[in-house]
Every structure is written in structure tokens, then in C-alpha cells.
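Input: a single structure, listed below in C-alpha cells.
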Amino acid sequence: MAERIGFIGLGIMGRGMAANILRAGFPLTVWNRTPGRADELVAAGAQLASSPADLAARSDIVISCVSDTPDVEAVLFGPQGAIEGARAGMLMIDMSTISPQGAQQCASRLSERGIGFLDAPVSGGSEGAARGTLSIMVGGPSELVERAMPVFQAMGKTITHVGGHGAGQTVKLVNQILVVGTMLAISEALVFAQASGVDLEKTLAAVSGGAAGSWMLSNRGPQVIRRDWRPGFTIDLQQKDLRLVLAAADAVGAPMLATSTVFHLYRTLQAAGLGHEGNHALIKALERLAGIEVGQPQNNS
Ligand code: NAP
């Protein structure tokens, strides 16, 4: 019989991930801090829990996808947290991006109660969450990864067991260094293209399939030139990831030249009240330096 899944956190990512679990045929219970966000999933057949504790009592595997390390601690260990409804033999999987140390602490607190834990952060954006094509980076024991595999396969295409507890989060931070470095290069390139007067649509068409192509360029480049700042991933959450990267890099003594530049550029955008915009709005920081605007606004409603 399929394991009963409980899903905590129905934000931009969690909503699509939970919908794919339901579509794959797992019995699903959901909980979200802001209850209205569960309506669509409940209409599609999910059960609604009254708290993370209630959700855990009705589930064999609990998945969380919330914002930051303290938020994961709150939904697992806070008042009415999942641990209050949990029993030995359950598995908890955190798919948020949090600190590797935070993930290791969750694992050891849960193991005291006989509960398994995996850190399994994701990449692939809101599009990947909706389409079930996420990359999932998993840290934890092999037997638990094997147990979780059918549910991972409902949400993702590339599922990689990268090491023990915390390793999934470390690899996710590697991913974020690559993402923001790429976004900085895209921003710089499009400011140059605009300043030089070439057609931006044709420029993207010409370079996207070549050696400079990337997911960020194909998915966010067109949004930038349309000046569509709706978030697949907000600046505030991206900045949270960069804070985690810089702390982890400091601990191992790795220099972070591009990443720290992007961290400070995003900080200027947050100070300007743009933290809710998509991470591709990074270009606005360079536009301010250059004194030009890239692309044309369109009707994005
Ligand atoms: P989001 O749309 O802002 O959603 C955040 C979710 O976490 C919401 O359901 C929110 O509940 C819940 N939450 C936050 N703090 C909470 C707390 N203290 N207690 C209970 N619930 C809490 O964020 P998202 O884009 O889905 O991202 C979720 C996670 O995935 C983050 O760790 C992010 O870094 C990671 N991620 C995101 C992307 C992306 O492209 N968006 C890609 C890869 C990984 P409310 O609805 O009540 O606010």
C-alpha cells in the first residue's frame, strides 16, 4: 500500500510539489500556515490537517517545504509541531533550503524519537515544481532514500543521493552559487546589449542555444526583457540562500567573490523595497549603475 504523505508549506514550490504527489496516487494530507492556500489541493482530493501535529498523526512520511531554518524548526518542533503527532518508524523529509547544520540538528533531534530524516532541497524553480521535473539533492542514510524514492519520483526528474545528513543542503548551496553567478552574467550581458542597441529578443534567440545557454537564461532572460518581475523565486528568499552560502563558505575558508557581490547588490534592491520581486530583478541594480533600462514593459497581468 502506498505510504500516506503529509505536506507542510504550500507556497510557490510546495503547492506544485504536493499536487504532483496527489496526482501520483499517494494519499495526501496538507497543512499551510495561511489556510486559504490549501483550498485548491483540498478540492483536488487532499485532506486538510488542523496543525503539523495533526498532519503527522495522519501520515507515514511528512514533507516540509517552508522558508528558512527557524521556520523548519517551528513546523517540526514548535507548539503543535509535527513531532507532537509523530511515532517511531516515521520519516520526515525537509525540502526547504536551510543551513546544513540546521538539517543535521533536525536529524539528530528526530532520531532520539526513532524518526528518520532526510534533507532533500530542490532546484528547478516554480516551473519544475509544477511540472514534476525538479532536481532533488538528498542527504541521509541510503535505506531512507530508497524508502522516499517513489515520492521523490512524483516531484522530480534528477534525484541524487549526495551523502549523509546535511550534504543535500551543501550541494543546494553549490547550486545557488551557480544560479546567482549566472544571473549576474545575464544581467551584465543584457545591460551591454541594451546599451549597444541590438535587438534583445534576437540576442536571446542567438545565444540561448549556444555555449552560454542555461536554465536561467532560457526561463528568466525573456522575463527580464519583458520587464516581468513576478517571482518564481523571490529576492528575499534568494538573499536568505546567499546568507547561508556566505556563512558556510566562511566556515571552510572558500572565497566567494561573485556570490558576495550579488549578495550586496540584492541588499540594495531589498533596501529599495523590491524583496518580493523575482530574483531576475537583479538587473535593476546594474541598471541603476548604468543609468539605462533594459527592454520594454508589457501587460503582465
Ligand atoms: P514561498 O512561496 O514564500 O512559501 C513559503 C512557505 O513556507 C509558505 O507556505 C509559508 O506559509 C511557509 N512558511 C514560512 N515560514 C513559516 C513558519 N514559520 N511556519 C509555518 N509556515 C511557514 O516560498 P517558496 O518559493 O515556495 O520556497 C520554499 C522553500 O523552497 C524555500 O526554502 C526556498 O528557498 C526553496 N526553493 C524555492 C525555489 C523557487 O524557485 N521558488 C526553488 C528551490 C528551492 P504562508 O503561506 O502562511 O506564508
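Whatever order the structure lists ligands and atoms in, that order sets their numbers, starting from 1.
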Worksheet item: Given V75, V66, I98, L237, which one has a non-hydrogen atom that is nearest to atom 29 (C) of ligand 1?
Response: V66

Fill in: Option whose closest heavy atom lies nearest to atom 47 (O) of ligand 1, chosen from L244, L10, T34, V122
T34

For [atom], what's the nearest protein heavy atom and its distance?
| atom | result |
| --- | --- |
| atom 18 (N) of ligand 1 | D71 OD1, 2.9 Å |
| atom 32 (O) of ligand 1 | S67 O, 2.8 Å |
| atom 9 (O) of ligand 1 | N32 OD1, 2.7 Å |
| atom 48 (O) of ligand 1 | R33 NH2, 3.0 Å |
| atom 42 (C) of ligand 1 | M13 CE, 3.5 Å |
| atom 30 (O) of ligand 1 | C65 SG, 3.7 Å |

N/O to N/O below 3.5 Å, does that happen between [X] and ligand 1?
| X | result |
| --- | --- |
| D68 | no |
| R37 | yes |
| M95 | no |
| K240 | yes |
| S96 | no |
| G232 | yes |

Practice prompt. Salt-bridge test for D68 and R243: reply yes if a basic N is under 4.0 Å from a carboxylate O, no otherwise.
Written response: yes

Worksheet item: Is any NZ, NE, NH1 or NH2 atom of the basic residue among R220 and D228 found under 4.0 Å from an Asp or Glu carboxylate oxygen of the other?
Response: no

Worksheet item: Between T234 and D236, is any side-chain donor less than 3.5 angstrom from a side-chain acceptor?
Response: no

Fill in: Worked check of side-chain hydrogen bond (donor to acceptor under 3.5 Å, both in side chains) between Q270 and R267
CA-CA 5 Å; Q270 287 179 307; R267 180 157 277 174; 5.0 Å; no

Practice prompt. Give a yes or no answer on whether the side chain of S96 reaches the backbone of V66 with a donor-acceptor pair at less than 3.5 Å.
Written response: yes

Worksheet item: Where the side chain of N20 meets the backbone of G16, is there a donor-acceptor pair that is under 3.5 Å apart?
Response: yes

Worksheet item: Measuring from the heavy atoms of R15, does anything fall under 4.0 Å of ligand 1?
Response: no

Worksheet item: Taking the side chain as C-beta and beyond, is there a heavy-atom pair between L118 and P141 under 4.5 Å?
Response: yes

